[in-house]
Trainee: 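What follows is a structure written as structure tokens; I'll ask about it next.
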Amino acid sequence: MKIENKITEAVRQIVEELYGQPVPEKMVQLQQTRPEFEGQITLVVFPFTKMSHKAPEQTAQEIGQRLAEKLPEVVSRFNAVKGFLNLCISSQQWVALLEEIQQNPRFGFTPVTADSPLVMIEYSSPNTNKPLHLGHVRNNLLGWALAQVMEANGNRVVKTNIVNDRGIHICKSMLAWLKWGNGETPESSGKKGDHLIGDYYVAFDKHYREEVRELVAQGMDEEQAKQEAPLIKEAHAMLVKWEQNDSEVRALWRKMNEWVYAGFDETYRALGVSFDKIYYESETYLEGKEKVEEGLQKGLFYRRDDGSVWADLTSEGLDEKLLLRSDGTSVYMTQDIGTAKLRFQDFPIDKMIYVVGNEQNYHFQVLSILLDKLGFKWGKDLVHFSYGMVELPNGKMKSREGTVVDADDLIATMVADARQMSADKVNRLEGITEEEAQEIARIVGMGALKYFILKVDARKNMLFNPEESIDFNGNTGPFIQYTYARIRSIMRKWEKEQEAGSCPGNSLAPCTLHLAPEDCPSLADREISLIQKLQGFEATVKQAGQDYNPSCIANYCYDLASEYNRFYHDFSVLREEDEKKRTFRIALSAAVGQVIKNGMGLLGIEVPERM
RNA sequence: GGUCUGGUAGCUCAGUCGGAUUAGAGCAACAGCCUUCUAAGCUGUGGGUCAUGGGUUCGAGUCCCAUCCGGAUCACCA
């Protein structure tokens with residue numbers, strides 16, 4: 001039983017005995033004692049003063065007195081300051097807690113069983129006409145981390161991606177390639193497929209704008225020019241052919257999409273994300289109409305005179321929403337209804353989470369209502385995991401103005417910088433092969449990038465300064481990774497000492513920590529607060545799952561690493577003469593390493609054995 | 001204009017269920033610490049009207065109302 005639970009239980013009994021009123025569990029508020037006071041756990045007694053009709057300090061005294069009598073093995077001393085009862089917990093309790101944490105490699109995680117809720121997470125959702133940029137990076141990292149967090153909270157998770165592989169934007173790239181490509185391929189040019197296609201998309205835009213400018217110069221007004229430019233007309237014609245299943249257009253479309261997917265796969269691999277099921281819009285965009293017709297028959301929607309179909313959501317405080325155009329074709333919302341249908345056919349999901357930027361908040365509000373009306377049981381409380389935009393120091397990311405940060409460039413830069421960084425510390429990596437050094441650079445560079453993005457509350461807009469972002473000091477991924485690497489170094493040395501393989505060589509945790517109560521070392525404040533931090537991992541994971549918020553795990557990891565760094569500085573773990581203290585500190589280090597690894601793992605951040 | 005969302009140090013961000021006379025980190029600036037388990041580290045100094053004004057109560061950065069400022073959205077685009 002956890003220390004907190006024991007105390008909570010005892011306090012409820014004591015207060016009832018003293019003041020004759022039952023105490024709901026929530027009323028017992030325990031928190032970590034502030035460093036300037038003696039003790040480790042503090043009970044807030046303000047809520048009880050109404051029952052006791054006594055001053056806060058006196059109430060605290062009374063409760064403390066009884067608590068010390070009732071739980072002598074837990075509470076060794078206490079003091080009351082105003083309405084705060086500070087409790088000193090005996091060392092054995094802390095050691096026992098550490099032992100518990102250390103012996104459970106999955107500490108903080110809820111096991112997943114066959115009966116666990118089935119959660120589907122959709123993320124990434126790229127367009128196939130240009131490479132991934134920084135905004136996608138945020139999406140992918142958040143989606144992956146969220147999937148890990150949901151799983152850690154005892155859910156079965158299916159990760160999906162819906163690829164937007166059709167539409168006018170792809171036709172633009174295709175047309176430009178036909179016109180100016182000279183048969184260029186990823187192989188012939190050495191370019192990554194998605195970049196190649198992206199270049200043609202840009203080329204189209206350049207020529208298109210020239211055409212528009214010329215038409216305007218000839219006296220046409222701009223809106224009309226945009227419609228009338230020969231290039232855009234050609235692109236539209238191509239889209240029509242595509243929809244008519246023209247074999248030539250389809251073949252080209254297929255070939256170019258393959259190039260893009262090969263490029264995306266590379267980026268996904270670098271980011272360390274993957275999917276269980278990929279949906280393609282070209283295969284799903286016609287779905288949904290059926291559902292809308294069904295809703296129409298049930299009277300959920302209505303048809304206007306021009307033939308278009310609408311949902312009236314004014315009673316929900318929203319507007320009216322178009323579902324089918326007057327020509328019978330579907331819109332974005334219709335498609336999302338369609339994919340929802342398909343997904344439910346494929347998986348009996350209990351919950352659906354969409355990782356999509358906050359510019360679509362309204363869309364998902366509407367989608368939720370519509371799916372609910374159409375009878376999807378998870379529609380009503382589908383989660384739109386809505387994240388903020390990434391801004392650059394001089395404004396937003398705009399591809400037109402060339403202010404995008406390309407994902408592949410960014411990854412390469414981060415890794416190269418990490419490599420440079422460790423090269424500057426020659427002694428660090430002596431005895432390590434070039435391959436190993438590269439692997440460490442990859443882990444550290446990616447860790448820096450991922451942590452930088454994930455530490456920020458997802459729903460807030462964040463600022464990304466390309467120059468300052470590559471900072472490996474302070475509240476960063478590498479700081480946490482570095483802490484881990486140092487712990488591993490201690491463990492390696494310790495394991496070497498243990499001769500003759502009494503321990504499996506690769507186990508992080510020392511084999512045994514069993515210290516009999518009378519053997520318990522007296523613990524320093526710093527050691528106790530580390531154990532308390534470790535214990536907090538469980539609650540942090542739960543909270544992350546409840547709030548759909550990976551950032552609190554990132555900040556937790558930083559807190560834990562900071563605390564450990566101070567501990568590391570104050571104590572010589574391996575040199576400690578006292579055998580009991582030494583065992584305890586090694587075990588504590590091992591547990592910290594394990595929790596850091598697990599926490600960072602939830603974020604999709606690897607930790608290196610050395611760096 | 002309607003709806004949603006944010007505003008905390010020069011900059012980037014934390015801040016749990018409302019808890020402690022003094023609201024935390026990091027960056028940037030300054031001053032220390034490598035014969036000692038990895039200095040990508042540690043210690044210290046300076047830097048704040050928690051946008052503003054009310055309210056709720058033992059107690060508010062946190063909850064409620066109003067105002068100001070920023071962002072998103074309100075398409076027969078996706």
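To find a chain, count down the sequence lines: A is the first, B the second, and so on, and within it residues start at 1.
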Trainee: Does a donor on one side chain sit under 3.5 Å from an acceptor on the other, for A:N129 and A:S173?
Mentor: no
Trainee: Could you work out the separation of B:U12 and B:U35 based on their P atoms and round it to a whole Å?
Mentor: 39 Å
Trainee: Under 3.5 Å, which protein N or O atoms sit close to an N or O of nucleotides 41-45 of chain B? Give each pair with its distance.
Mentor:
{"from": "B:G41", "atom 1": "OP1", "to": "A:G474", "atom 2": "N", "distance (Å)": "3.2"}
{"from": "B:G41", "atom 1": "OP2", "to": "A:N473", "atom 2": "OD1", "distance (Å)": "3.0"}
{"from": "B:C42", "atom 1": "O4'", "to": "A:H569", "atom 2": "NE2", "distance (Å)": "3.3"}

Trainee: What residues form a salt bridge (Lys or Arg N to Asp or Glu O under 4.0 Å) with A:R459, not counting sequence neighbours?
Mentor: A:D457
Trainee: Reading RNA chain B 5' to 3', how would its secondary structure be written in dot-bracket notation, given Watson-Crick and G-U pairs with both distances under 3.5 Å, brackets [ ] for crossing pairs and | for partners on other strands?
Mentor: (((((((..((((.....[....)))).(((((.......))))).....(((((..]....))))))))))))....
Trainee: What string of B, S and - do you get for nucleotides 9-22 of chain B 5' to 3' if you count protein non-hydrogen atoms under 4.0 Å?
Mentor: ---SSS--B-BBS-
Trainee: Please give the distance between the P atoms of B:G44 and B:G26 as a whole number of Å.
Mentor: 10 Å
Trainee: Distance check needed: B:C4 C1' versus A:E316 CD, whole Å only.
Mentor: 17 Å
Trainee: Under 3.5 Å, which donor-acceptor pairs do the side chains of residues 386-393 of chain A form with other protein atoms, sequence neighbours left out?
Mentor:
{"from": "A:S386", "atom 1": "OG", "to": "A:N361", "atom 2": "OD1", "distance (Å)": "2.9"}
{"from": "A:Y387", "atom 1": "OH", "to": "A:N139", "atom 2": "ND2", "distance (Å)": "3.0"}
{"from": "A:E391", "atom 1": "OE2", "to": "A:N461", "atom 2": "ND2", "distance (Å)": "3.2"}

Trainee: Holding to side chain to side chain donor-acceptor pair (under 3.5 Å), I want the full list of residues that pass it with A:Q365, two or more places apart in sequence or in another chain.
Mentor: none
Trainee: Quick one: list whatever passes side-chain contact (heavy atoms from CB on, under 4.5 Å) with A:S562, sequence neighbours left out.
Mentor: A:F479, A:Y558, A:R566
Trainee: In whole angstroms, how far is the P atom of B:C77 from the CG atom of A:N127?
Mentor: 17 Å
Trainee: Which part of the nucleic acid, if any, lies within contact of A:Q360, taking any heavy atom under 4.0 Å across all strands shown: a base, the sugar-phosphate backbone alone, or nothing?
Mentor: base
Trainee: Roughly how many Å apart are B:G46 and B:U3, using the P atom of each and rounding to a whole number?
Mentor: 46 Å
Trainee: Of A:R575 and A:Y558, whose nearest nucleotide on RNA chain B comes first from the 5' end?
Mentor: A:Y558
Trainee: What is the distance, to the nearest angstrom, from the CZ atom on A:R488 to the P atom on B:C37?
Mentor: 18 Å
Trainee: Roughly how far apart, to the nearest Å, are B:G47 and B:C30 at atom C1'?
Mentor: 12 Å
Trainee: Please identify each residue that fulfils side chain to side chain donor-acceptor pair (under 3.5 Å) with A:S529, with sequence neighbours left out.
Mentor: A:E563
Trainee: Can you tell me which residue pairs pass the salt bridge (Lys or Arg N to Asp or Glu O under 4.0 Å) test with a partner in residues 160-173 of chain A, sequence neighbours excluded?
Mentor: A:R166-A:E243, A:R166-A:E281
Trainee: List in chain and number order the residues that pass salt bridge (Lys or Arg N to Asp or Glu O under 4.0 Å) with A:E576, two or more places apart in sequence or in another chain; answer none if no residue qualifies.
Mentor: A:R585
Trainee: Please list, chain by chain and in numerical order, all residues satisfying side chain to side chain donor-acceptor pair (under 3.5 Å) with A:N475, sequence neighbours excluded.
Mentor: A:Y451
Trainee: Rounded to whole Å, please give me the gap between CG in A:N358 and P in B:U5.
Mentor: 11 Å
Trainee: To the nearest Å, give me how far apart CD1 (A:I170) and P (B:C77) are.
Mentor: 17 Å
Trainee: Hey, is CD on A:E4 packed in by over 12 heavy atoms from elsewhere, all under 6.0 Å?
Mentor: yes
Trainee: Please enumerate all residues that pass side chain to side chain donor-acceptor pair (under 3.5 Å) together with A:E359, with sequence neighbours excluded.
Mentor: none
Trainee: For A:V573, answer base if it contacts any base atom (sugar-phosphate contacts may also be present), sugar-phosphate if it contacts only those atoms, and nothing otherwise; contact means non-hydrogen atoms under 4.0 Å.
Mentor: base
Trainee: Between B:C37, B:U73, B:A78, which nucleotide gets closest to the side-chain atoms of A:N164?
Mentor: B:A78
